[in-house]
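Beneath this line is the structure, given in structure tokens, with notes to follow.
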Number of protein chains: 2
Amino acid sequence: MAQSDTVDRILDAAEVLFAERGFAETSLRMITSKAKVNLAAVNYHFGSKNELIHAVFARFLTPYSATLDEAFDELEAESQGDAPSLDRILWALAESTARMPQRNDKGISIFMRLLGLAYTQSQGHLRKFLEEEYSEPFGRFMRLLKEATPELSAVDRYWRIQFMLGATAFTMSSSDALIDILEAKIGVETSVQEIAARLVPFLAAGMKAADKIQQPPHGH
Amino acid sequence: MAQSDTVDRILDAAEVLFAERGFAETSLRMITSKAKVNLAAVNYHFGSKNELIHAVFARFLTPYSATLDEAFDELEAESQGDAPSLDRILWALAESTARMPQRNDKGISIFMRLLGLAYTQSQGHLRKFLEEEYSEPFGRFMRLLKEATPELSAVDRYWRIQFMLGATAFTMSSSDALIDILEAKIGVETSVQEIAARLVPFLAAGMKAADKIQQPPHGH
DNA sequence: TTTCGTTTGAAACGTATGTTTCAAACGAAA
DNA sequence: TTTCGTTTGAAACATACGTTTCAAACGAAA
């Protein structure tokens with residue numbers, strides 16, 4: 001405990017509780033009591049609850065952002081000149097995510113759940129913070145997607161990307177619960193990595209769908 | 001204002017505010033002040049905040065559930081004996097949703113956003129309430145999906161249905177914001193119906209994807 | 001018009017939250 | 001060992017919440 005291991009204890013506790021219960025539903029007192037730390041420590045070290053939320057995201061998003069950047073570098077290096085395919089882009093994303101160093105066995109679930117919350121519960125301050133700090137790797141991912149789907153109009157691509165994000169964020173943010181339900185139902189155990197491996201072909205097929213806008217089907 | 005138009009005023013205000021801000025972030029005082037109604041009226045007419053949330057959902061979910069049931073009846077009547085196709089099931093769902101009677105022009109967005117919140121912010125009491133009251137049309141939809149995708153194993157189907165739900169709930173629950181972003185970006189106006197019409201082929205293609213689990217792509 | 005159950009209004013209650021205060025404890029530097 | 005900036009601890013603060021209370025107002029039935 002060289003210096004302020006209090007800070008890490010708070011971050012660890014906050015990360016888990018935020019992932020379990022969301023931001024508004026997690027009080028500072030829950031966090032400090034789980035972290036076995038004085039209540040005032042949060043405001044002393046982080047300033048406010050909102051800044052603590054930012055710190056929790058920064059701690060895992062900064063290395064993740066760097067990992068992604070490397071993966072995209074590799075991707076572009078491999079396919080010299082021509083645009084990387086959709087499948088390879090999505091796979092690179094899935095692999096980078098799976099390979100993130102985990103603090104414990106629940107690491108990936110927490111990571112995913114927080115990413116989901118970032119979309120879902122983003123109040124003004126969080127959205128602003130994320131846009132300011134991490135727009136670059138996100139923009140790069142978007143550029144790669146654009147080059148990989150030249151057959152789509154800008155509008156088509158826009159909506160399909162939202163569909164992809166939705167399927168991913170939603171599934172991953174509830175991955176723990178969904179895995180449990182499946183096990184109770186069919187008795188099959190599933191890893192987050194397997195979900196990702198199932199998600200990729202689903203998303204790729206959706207992105208490549210021939211029909212852009214569904215017309216009412218005709219009678220049989 | 002024959003009898004308790006207070007009840008409807010509360011429901012109207014609560015519906016909008018819940019859709020805009022979520023449940024925990026919307027206080028009874030916000031609701032009663034928007035509804036121009038006394039604070040105590042909520043507890044008098046509904047009992048508690050949780051029961052008010054239930055009432056908001058019941059008001060639109062009960063007619064929606066009936067509409068869905070009719071649409072599924074038609075679907076099964078049309079395709080006498082053989083299972084309705086995936087495209088037709090999804091289309092029936094999208095159409096039923098679009099045709100729901102709206103209280104105002106923002107009706108569909110609110111409706112969608114609440115459905116999204118039901119998945120996303122479902123605390124214990126709401127999940128329990130929804131399961132107890134509306135499991136039947138949901139189960140019927142699942143059965144139809146199963147019959148329309150006999151080529152999928154139970155596990156494959158389970159995950160792909162989650163992906164569909166995610167893409168839909170996520171996109172629709174943010175439809176307002178996404179429509180605004182697209183308009184600011186490309187200057188195109190979009191209706192919720194158009195989003196649904198774009199979503200259907202995306203989901204159908206994903207459900208029918210040949211690969212179930214992605215293997216690492218080989219070098220180019 | 002009087003009656004009486006229903007509904008509203010204003011105020012308060014108890015509790016929980018984020019934040020602040022300030023004295024005490026700590027720990028490296030002198 | 002003394003000093004002094006940093007960190008902790010216990011308590012309080014102001015505020016917001018959901019809920020309750022109870023008298024006043026209402027409105028159909030008598």
Side-chain angles (χ1 to χ4, degrees), chain A residues 1-59 114 117 121-129, chain B residues 1-59 114 117 121-129:
Chain A
M1 43 197 76
Q3 58 160 13
S4 204
D5 107 305
T6 301
V7 168
D8 290 310
R9 298 250 294 283
I10 293 174
L11 286 174
D12 289 341
E15 185 178 79
V16 172
L17 289 174
F18 285 153
E20 279 175 358
R21 320 174 31 95
F23 306 121
E25 294 77 9
T26 303
S27 72
L28 293 185
R29 283 167 177 81
M30 291 178 199
I31 294 170
T32 54
S33 98
K34 182 182 180 79
K36 282 168 185 156
V37 143
N38 188 274
L39 171 61
V42 170
N43 289 282
Y44 176 76
H45 286 289
F46 298 96
S48 68
K49 185 182 180 181
N50 280 351
E51 289 173 274
L52 169 61
I53 296 176
H54 297 175
V56 166
F57 275 89
R59 185 167 67 150
L114 287 177
L117 289 181
Q121 302 207 348
S122 230
Q123 308 106 307
H125 72 95
L126 219 198
R127 172 146 289 161
K128 198 173 196 175
F129 170 78
Chain B
M1 45 200 74
Q3 57 158 14
S4 205
D5 107 304
T6 301
V7 168
D8 291 311
R9 297 250 293 285
I10 293 174
L11 286 174
D12 289 341
E15 185 177 79
V16 171
L17 288 172
F18 285 152
E20 279 174 358
R21 320 174 30 95
F23 306 121
E25 294 77 9
T26 302
S27 71
L28 293 185
R29 284 168 177 81
M30 290 178 198
I31 294 170
T32 54
S33 99
K34 182 183 180 80
K36 281 168 186 156
V37 142
N38 188 273
L39 171 61
V42 171
N43 289 283
Y44 176 75
H45 286 290
F46 297 95
S48 68
K49 184 181 179 181
N50 280 351
E51 288 173 276
L52 169 62
I53 296 175
H54 297 174
V56 167
F57 275 89
R59 186 168 66 150
L114 287 176
L117 288 182
Q121 302 207 348
S122 229
Q123 308 106 306
H125 71 95
L126 218 198
R127 172 145 290 162
K128 197 172 196 175
F129 170 79

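Bear in mind the structure is a predicted one, so any value in this text is a computation, not a measurement. In the text below, chain A, chain B and the rest are named by the order of the sequence lines, each starting its count at 1.
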(message) Pairs counted only when both distances fall under 3.5 Å, Watson-Crick or G-U: show me the 5' to 3' dot-bracket for DNA chain D, [ ] for pseudoknotted crossings and | for other-strand partners.
(response) ||||||||||||||||||||||||||||||

(message) Below the 4.0 Å mark, does dT8(C) have OP1 or OP2 next to a side-chain nitrogen or oxygen of His45(B)?
(response) yes

(request) List in chain and number order the residues that pass side-chain contact (heavy atoms from CB on, under 4.5 Å) with Glu20(A), two or more places apart in sequence or in another chain; answer none if no residue qualifies. (result) Val16(A), Leu17(A)

(message) Output one letter per nucleotide in nucleotides 13-20 of chain C: B when a protein non-hydrogen atom lies under 4.0 Å from the base, S when only the sugar-phosphate is that close, - when neither is.
(response) ----BBBB

Rounded off to whole Å, could you give me the [atom1]-to-[atom2] distance for the [X] and [N] pair?
X        : N      : atom1 : atom2 : answer
Phe46(B) : dT6(C) : CZ    : P     : 18 Å
Lys36(A) : dT8(D) : NZ    : C1'   : 17 Å
Asn38(B) : dT8(C) : CG    : C1'   : 6 Å

(message) Is there a side-chain contact between Phe46(B) and Val7(B) in this structure, where contact means two heavy atoms from C-beta onward sitting under 4.5 Å apart?
(response) yes

(request) May I ask you to test the Asp8(A)-Arg59(A) pair for a side-chain heavy-atom distance under 4.5 Å? (result) yes

(request) Give the minimum heavy-atom separation between Ala41(B) and Thr6(B), together with the two atoms involved. (result) CB-CG2, 4.0 Å

(request) Would you name the heavy atoms of Leu117(A) and Phe18(A) that are closest together and state the gap between them? (result) CD1-O, 3.2 Å

(message) Can you list everything that forms a side-chain hydrogen bond (donor to acceptor under 3.5 Å, both in side chains) with Ser48(A)? Sequence neighbours excluded, please.
(response) Glu51(A)

(message) Restricting to ring-ring contact (aromatic ring centres under 6.0 Å, His included), what partner residues turn up for Phe129(A), sequence neighbours left out?
(response) His54(A)

Under 3.5 Å donor-acceptor pairs involving side-chain atoms of residues 29-38 of chain A, not counting sequence neighbours:
{"unit_1": "Thr32(A)", "atom_1": "OG1", "unit_2": "Leu28(A)", "atom_2": "O", "d": "3.0"}
{"unit_1": "Thr32(A)", "atom_1": "OG1", "unit_2": "Arg29(A)", "atom_2": "O", "d": "3.3"}
{"unit_1": "Asn38(A)", "atom_1": "OD1", "unit_2": "Ala40(A)", "atom_2": "N", "d": "2.9"}

